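One structure is given below, encoded as structure tokens.
Note that the structure is a prediction, hence the values are computed from the model and not measured. Below, read A as the first sequence line, B as the second, and so on, with proteins coming before strands; counting in each chain starts at 1.
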Amino acid sequence: TQLLEQSPQFLSIQEGENLTVYCNSSSVFSSLQWYRQEPGEGPVLLVTVVTGGEVKKLKRLTFQFGDARKDSSLHITAAQPGDTGLYLCAGTRWLTDSWGKLQFGAGTQVVVTP
Amino acid sequence: KAGVTQTPRYLIKTRGQQVTLSCSPISGHRSVSWYQQTPGQGLQFLFEYFSETQRNKGNFPGRFSGRQFSNSRSEMNVSTLELGDSALYLCASSTPTSGPSGEQFFGPGTRLTVL
């Protein structure tokens, strides 16, 4: 059982559409990170959110950390084919995990077709 | 700054053999963590080393072991390989921060296939 539940598992959209990926847990996290992974490669860090209620924007990507630090979301505006990949949320649990131990969600496979 | 490097990138072994994987962290990073990624289980934490000491261990059998050297480079070893050990093994490096962020940076992984 994964501590972080991601939904949906799979998203297929057309270029120009918007999408949202969710990451939920019953545990409180010190921080949550979002990664994107392409086949045969390691995950690439997109963002880290630390403060409850925090919203971070990176170009067309918007990340939100829930007020209670138990959930997060990733929103992509006007998706492009280059956004295709496996999106993973990961985090360290408050007072439980050291910063060297990440709990991962199962991932959301996003496919953006031209 | 060079990223995390892992060698080899691909390995094919047979059941019962042992294997050693290597990871060089980003310069200045003293923490190295290892993860196993499989289609069924996703990314699972194996262990974490900091200043040559194992700080955390995941829920894996004793066949999985690791170590860290004084230059922060790390190796992990899997003995008596089983078919289920086929996976992408990922190494991540990080550095202590004053806050809880603990961002980790991943290498490209070693793809291990056990026949």
Could you see if [X] belongs to whatever hydrophobic cluster contains [Y]? Use Ile, Leu, Val, Met, Phe, Trp, Tyr and a side-chain cutoff under 4.5 Å.
X      : Y      : answer
W34(B) : V19(B) : yes
F65(A) : V50(A) : no
Y87(A) : L58(A) : yes
Y22(A) : L19(A) : no
V44(A) : L74(A) : no

**OP:** Give me the contact list for residues 71-93 of chain B versus chain A, heavy atoms only, anything under 4.5 Å, ordered by residue number.
**Re:** L88(B), L90(B)
Original post:
Where along residues 105-115 of chain B does a heavy atom come under 4.5 Å of chain A, listed by residue number?
Top reply: F105(B), F106(B), G107(B), P108(B)
Original post:
Which atoms of Q41(B) come close to chain A, meaning under 4.5 Å heavy atom to heavy atom: side chain ones, backbone ones, both, or neither?
Top reply: backbone
Original post:
With only heavy atoms counted, which part of Y10(B) is less than 4.5 Å from chain A, the side chain, the backbone, both or neither?
Top reply: neither
Original post:
Can you say whether Q103(A) sits under 4.5 Å from chain B via the side chain, the backbone, both, or neither, judging by heavy atoms?
Top reply: neither
Subject >> Heavy-atom proximity to chain B below 4.5 Å, by part of L86(A) >> reply: side chain
Original post:
Got a sec: does the CD of Q9(A) have more than 12 other heavy atoms crowding it under 6.0 Å?
Top reply: no
**OP:** For atom CZ of R15(B), decide whether the heavy atoms of other residues, nucleotides or ligands shown that lie under 6.0 angstrom number more than 12.
**Re:** no
Subject >> Residue that, paired with E103(B), satisfies side-chain contact (heavy atoms from CB on, under 4.5 Å) out of L102(A), V47(A), T48(A) >> reply: T48(A)
**OP:** For the pair S33(B) (side chain) and G100(A) (backbone), establish whether a donor and an acceptor sit closer than 3.5 Å, ignoring hydrogens and angles.
**Re:** yes
**OP:** Can you see which heavy atom on K101(A) is nearest to which on Q104(B), and at what distance?
**Re:** N-NE2, 3.7 Å
**OP:** Answer yes or no: is there a side-chain heavy-atom contact under 4.5 Å between Y35(B) and F104(A)?
**Re:** yes
